[in-house]
Trainee: 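Here's a structure for you.
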Amino acid sequence: MNENTIPIRFDHSTAADEIAQRWDKAGCSHAEVNPNKKPYSIVIPPPNVTGALHLGHGLNNTLQDILIRTKRMQGFEALWMPGTDHAGIATQAVVERRLKEQENLSRHDIGREGLVERIWSWKDQYEKRIIGQLQRMGCSCDWRRTRFTLDPTCAAAVRATFFDLFQKQLIYRGKRLVNWDTFLQTAVSNDEVENVTKKGHFYHFRYPVIDPKPGEPEFVEIATTRPETMLGDTAVAVHPDPSAALDRVANELQEKLVAASAKEKTDVQAQIDALAKRRESMLPKLIQLRDMAADGRQLMLPLVNREIPLVTDEWAKPELGSGCVKITPAHDPNDYEVGQRQELPMINILNPDGTINSVAPAYEGLTIPQARKQVVADLDEAGLLGDIEDRDIEMPLSDRSKTAIEPYLADQWFVKMDELAQSAMDAVSDERVKIFPTRYRKGYLDWLGEKRDWPVSRQLWWGHRIPIWSATFETEAEANAIVDKAKSLAGDDQISAAVQPNADGESFNVFVCLRNEDSPLEPKLEALRLVRDADVLDTWFSSALWPHSTLGWPQKSAELDYFYPTSTLCTSRDIITLWVARMVLMGLNNLGEIPFDQVYIHPTILDGHGERMSKSKGNGVDPIDVIEKFGPDALRFGLTEIATETQDVRMPVQYECPHCEKLVDQTKKNRTATTIDCPECKKTFSTQWAESEADKQHPKAAVVSEKFENSRNFVNKFWNASRFVLMNLEGFTPQAIDVAKLPVEDRWLLSRLATVTRQVTDAIEHFRFAEARSVIYDFAWNEFCSFYVEIAKPRLADEKERSLSQNVIVHGLDTLLKLLHPITPFVTESIWGFLNEIAPTRGLDRKPASELLMVAPWPESDSSHNDAAIERQFSEFQQVVVAIRQIRASQSIKPQETVPVSLTCSESSQALLAPMSTYFAGLAGADVLAIGPEVEAFETDAPLTIPGIGIEVHVDLEKFIDVEAELSRLEKLLGQIIKQVAGKESKLANENFVSRAPADVVEKERSSLTDLIARRESVEADIKKLREKASSD
RNA sequence: GGGCGAUUGGCUCAGUUGGUUAGAGCGCUGCUUUCACACGGCAGAGGUCACUGGUUCGAAUCCAGUAUCGCCCA
């Protein structure tokens, strides 16, 4: 092979595709049940089909691929199960929003079937894109097994699970205050709500007291940020012991005062004073109100003219506002709890679309902002409106629709968590499931420990429809009769029915769950006036089954037997509770076994400003953009670099100017711009936000990160080192190698390979990905390329040495290719192909190489090759090379000049360095004239003593001398040595150190000091000599 | 309010159980382009390891507190 056979750069844009096809054709990533091998399996955290993947997914999947490729090479039957998630609310929201924007239609305009059809086509489009992204990244998933959380296989698992839980009475229906998205008209989970602070008002109202006794106030004042909710008020609360409550607050403030800094003190003191004043002016009235409440006084709720009680509850804060608080149990989470404690009626004032309902006929049909305005105006007219203050208010916004969330009382299906949660806690507590890093255990256990029931219904059309048919009856007997009829339709493996009384106790619900989809029992149930539930299940319900549903459960498949429990789950920390915990409890419920042995939590990628990456912010980076600019290997190598044990990593984001390829930093300002002017070439480019025709005229910039540039450079470096080896393999013949007889550099290489193999293997197996990368990066670049390849050059040119040298260097390359393959699969596979052409049989074992690197056996670390003495000796050689280079640089000696060098050293160093002396020519441009204990300095000498090993390097400067430069080098060196001597002396003068530190540490310091003093004297002598020479010239 | 984490050269980050002169990449300075690689090579400058206290013969590392920032949960 020559320089024309192999291009000077690895052309990933043409090679990657071809390599991927070869892998695919050979079925390398397909796993089958194989009793001859041990299984290793990973299920992908299914990316949701809402949008394309960004670098966070890139990281997640790169790490999984590193694990799966390593295990595959280690001889495991390695299955990486791929697939995507239907992401119920997120996907429906995106499609609905587009429907509104592009066609001005709502989901009701096109109906359930129409909407679901559109979502499916969205899903098809994005699933294709996502899988394409993963494939271009080189992810070696078993694509033939690709699943989707809504496909028939997963649906069967969902149905089986739901039926089972229903039968075990772990599923029930209840009214709960939910986060209601009035745009999507569904409940959303807490995780889908974000709180924003907005400017609003704090309105004071007066509610009349009914029949006040003499001396009692005629009005009670309350305040609210949401006036319209007063239509649903069912009480006003006052604190049961206002005096004690005020005392407690005062005590807290006193404690705060003691701990406060001087700056804060005045502020805290002011609060204390205000509280004392308040106590004086308001306490008697609050006590009076408390007594009125105890006496059962009623208030007249204005506008709706409803009598509501004055109650005592600790939720009322005597230190705030009027000390009284209105209670709207159906529209506020705190009030809901008060309502439950006080057994208050819960009055829902909203229609599902967020307009006021018939509870308040005068306001019916008004939107919330309209109703707010009207209520305030009407109260004003009635003379019941007090002050209106400006105030910052926290407003919950739906992540999905970006509209305001309303607390809303709705019927929801719940999964009872008590025992299920406990089982999942036990699995982690007793380490059947191990979480890495271990700090994440706490969050998992704390969250499950709350054992909050899981609301699983979503008022959506996209998802697994809840398989329950229900009807309401006035008497229990009627309900029971229907249950009996339903049960008589089929066996209890097919149908399950239950009666649940309504909260009001005046009606009875019948719920019937069917085991099978499209069951012939459905029309029979409908004949009994039972109606199928319109809701669908929370997406996490199906994701929770992922490790077993993808393997075919509830069918008893061979795959399930062989690959379940899976080995490792690799995910990010934000879904430890939502997903990981639920997989554990569902796995235990459905199979009685944990879903995976290990959970590895990788860091979260933030942008350069410390913000989470997201497409909607404009700071999301598409892995494809990075691949196109830097290549898939560079993407993976760079992502591996950031996979440390930390929890967040920053990834600065840049635009790549399409005109001049300059990388332009993304700022908070320019990331929302539609066009940007390149600071380099001054031309304009557009961004993802460009919409107008004028903006779109400008070419669009890819969004990338310079983080990958270094990785691209590494890939290139490695490619070229391989290219060099390949170009020097002419006439390659495998030959037997007697390790003991190899020259130092070869034994050094073998020793280092053994160490690096062990380190890389160990790091990957313990999820220390960044460490694996850096070990291999440092070794490949700074040892293999910088030293071994350089030394090999003269040997490969020497006919007598060529064959042996070829054999050793090929063995080194072969090992490196294997170790690097999980991280950079494409470039290594490409080189492997070339290597197979010219050296199909190679390595110390002289075995034929596998056709594809992807399925080659993982290298074993041969500890018999580890040789500490050889490594130490080689290090001396390296240090001498560096010393010569330093002298050359300080004298500005041109690279093409060869300098005469002599080395004064011990006999043992001489024995090592003598056979390697010719290598100094290539590595340091040095002609080594003499080596040994008796070797003396040159007449015009530049000396450098290497600390620790006592080798004196002498360079003959006769032809080159620059006295000033040399003096300045020596003086700088002397300065450093003097500083170090002083440090050591003071340390050793410290009696405490000498007597208390371990003897070996003290001894080390002593000998180091002796060494330093000798060097100081030597440098001082050199300076003196040089000065004398300079003055005599 | 609670939990978790971060703070190390201009930037992004390593730093294993405390122990020579705290490392890397990018950027910067100087030299370098026939001889695998300029996406390269060689040399160099640049850090009181956020702050305060403590433990210790010895602290970037252990402990306590403070500040700033981030993420998660209420």
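Numbered from 1 within each chain, the chains take letters A, B, ... in sequence-line order. Scope of the values below: all heavy atoms of this structure, side chains included, with no hydrogens, waters or symmetry mates.
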Trainee: Between A/Ser786 and A/Asn728, which has a closest nucleotide on RNA chain B that is more 5'?
Mentor: A/Asn728
Trainee: Using a 4.0 Å heavy-atom cut-off, does A/Lys442 contact any base of the nucleic acid, only the sugar-phosphate backbone, or nothing at all?
Mentor: sugar-phosphate
Trainee: Nearest whole Å is fine: how far is B/U33 P from A/Gln896 CD?
Mentor: 7 Å
Trainee: Identify the two heavy atoms, one from A/Trp719 and one from A/Ile6, that lie closest to each other, and give their separation to 0.1 Å.
Mentor: CZ2-CG2, 3.5 Å
Trainee: With heavy atoms under 4.0 Å as the rule, sort A/Leu726 into base, sugar-phosphate or nothing.
Mentor: nothing
Trainee: Check A/Ile627 against A/His12 and note the closest heavy-atom contact, atom names and distance.
Mentor: O-CE1, 3.3 Å
Trainee: Across the strands shown, which category fits A/Arg712 at heavy-atom distances under 4.0 angstrom: base, sugar-phosphate, nothing?
Mentor: base
Trainee: Let me have a per-nucleotide readout for nucleotides 11-26 of chain B, 5' to 3', with B, S or -, counting only protein heavy atoms under 4.0 Å.
Mentor: -SSS----BSB---S-
Trainee: Nearest whole angstrom, please: distance from the P of B/G44 to the CD of A/Gln891.
Mentor: 14 Å
Trainee: In whole angstrom, give me the gap between the P atoms of B/U48 and B/U55.
Mentor: 26 Å
Trainee: Does a side chain donor of either A/Arg636 or A/Thr824 reach within less than 3.5 Å of an acceptor in the other side chain?
Mentor: no
Trainee: Checking all strands, does A/Lys629 fall into the base, sugar-phosphate, or nothing category for heavy-atom contacts under 4.0 angstrom?
Mentor: nothing
Trainee: For a quick check under 3.5 Å, do A/Asp11 and A/Thr14 share a side-chain donor-acceptor pair by atom type?
Mentor: yes
Trainee: Within the structure shown, what part of the strands sits under 4.0 Å from A/Arg9 by heavy-atom distance: base, sugar-phosphate, or nothing?
Mentor: base
Trainee: A/Trp315: which residues meet the ring pair (Phe, Tyr, Trp, His ring centres under 6.0 Å) condition with it, sequence neighbours left out?
Mentor: none
Trainee: Between A/Trp719 and A/Gly443, which residue's closest nucleotide on RNA chain B lies nearer the 5′ terminus?
Mentor: A/Gly443
Trainee: Which atoms form the tightest heavy-atom contact between A/Val703 and A/Asp625, and what is the distance?
Mentor: N-OD2, 3.4 Å
Trainee: Are A/Ser786 and A/Glu790 linked by a side-chain donor-acceptor pair shorter than 3.5 Å?
Mentor: no
Trainee: Taking only the P atom of each, what is the distance from B/A22 to B/A50 in whole angstrom?
Mentor: 15 Å
Trainee: Suppose you measure atom C1' in B/G3 against the same atom in B/C13; what distance do you get, rounded to whole Å?
Mentor: 26 Å
Trainee: Is A/Arg773 positioned over the aromatic face of A/Tyr777, cation under 6.0 angstrom from the ring centre and no more than 45 degrees off axis?
Mentor: yes
Trainee: Phosphate oxygens OP1/OP2 of B/A74: is one of them under 4.0 Å from a side-chain N or O of A/Arg452?
Mentor: yes
Trainee: If you take the centroid of each ring, where Trp contributes its six-membered ring, are A/Phe708 and A/Phe637 closer together than 6.0 Å?
Mentor: no
Trainee: Using the P atom as the point on both nucleotides, what is the distance between B/C62 and B/G46, in whole Å?
Mentor: 29 Å
Trainee: Let me have RNA chain B in dot-bracket notation, would you? Count Watson-Crick plus G-U wobble pairs, both distances under 3.5 Å, and use [ ] for pairs crossing earlier ones and | for inter-strand partners.
Mentor: (((((((..((((.....[...)))).(((((.......))))).....(((((..]....)))))))))))).
Trainee: Indicate whether OP1 or OP2 belonging to B/G44 is found under 4.0 Å from a side-chain N or O atom of A/Gln886.
Mentor: yes
Trainee: Quick check for you: to the nearest 0.5 Å, what is the distance between A/Ile642 atom CD1 and A/Lys707 atom NZ?
Mentor: 7.0 Å
Trainee: Please report the distance separating the P of B/A60 from the corresponding atom of B/U20, rounded so that it comes out in whole Å.
Mentor: 11 Å
Trainee: Using the P atom in both, what is the distance from B/U68 to B/G15, to the nearest Å?
Mentor: 27 Å
Trainee: In whole angstrom, give the distance that lies between atom CG of A/Asn179 and atom C1' of B/A74.
Mentor: 13 Å
Trainee: Which whole number of Å gives the distance between the C1' atom of B/C49 and that of B/G44?
Mentor: 23 Å
Trainee: Please state how far atom CG in A/Asn720 lies from atom P in B/C35, giving the value in whole angstrom units.
Mentor: 11 Å
Trainee: For B/G40, does OP1 or OP2 lie under 4.0 Å from any side-chain N or O of A/Lys717?
Mentor: no
Trainee: If you count every heavy atom of other residues, nucleotides or ligands that lies below 6.0 Å from A/Glu645 atom CD, does the total exceed 12?
Mentor: no
Trainee: Would you kindly give the CE-to-P distance between A/Met727 and B/C35, to the nearest whole Å?
Mentor: 10 Å
Trainee: Compare side-chain N and O positions of A/Lys793 against OP1 and OP2 of B/A36 and report whether any pair is under 4.0 Å apart.
Mentor: yes
Trainee: From CD of A/Glu337 over to C1' of B/A74, roughly how many Å is that when rounded to an integer?
Mentor: 11 Å
Trainee: Sticking with atom P, work out how far B/C63 lies from B/A43, rounded to a whole angstrom.
Mentor: 39 Å
Trainee: Roughly how many Å is it from CZ in A/Arg573 to C1' in B/C73, rounded to a whole number?
Mentor: 12 Å
Trainee: Could you tell me how far apart A/Ile884 (CD1) and B/G41 (P) are, to the nearest whole angstrom?
Mentor: 20 Å
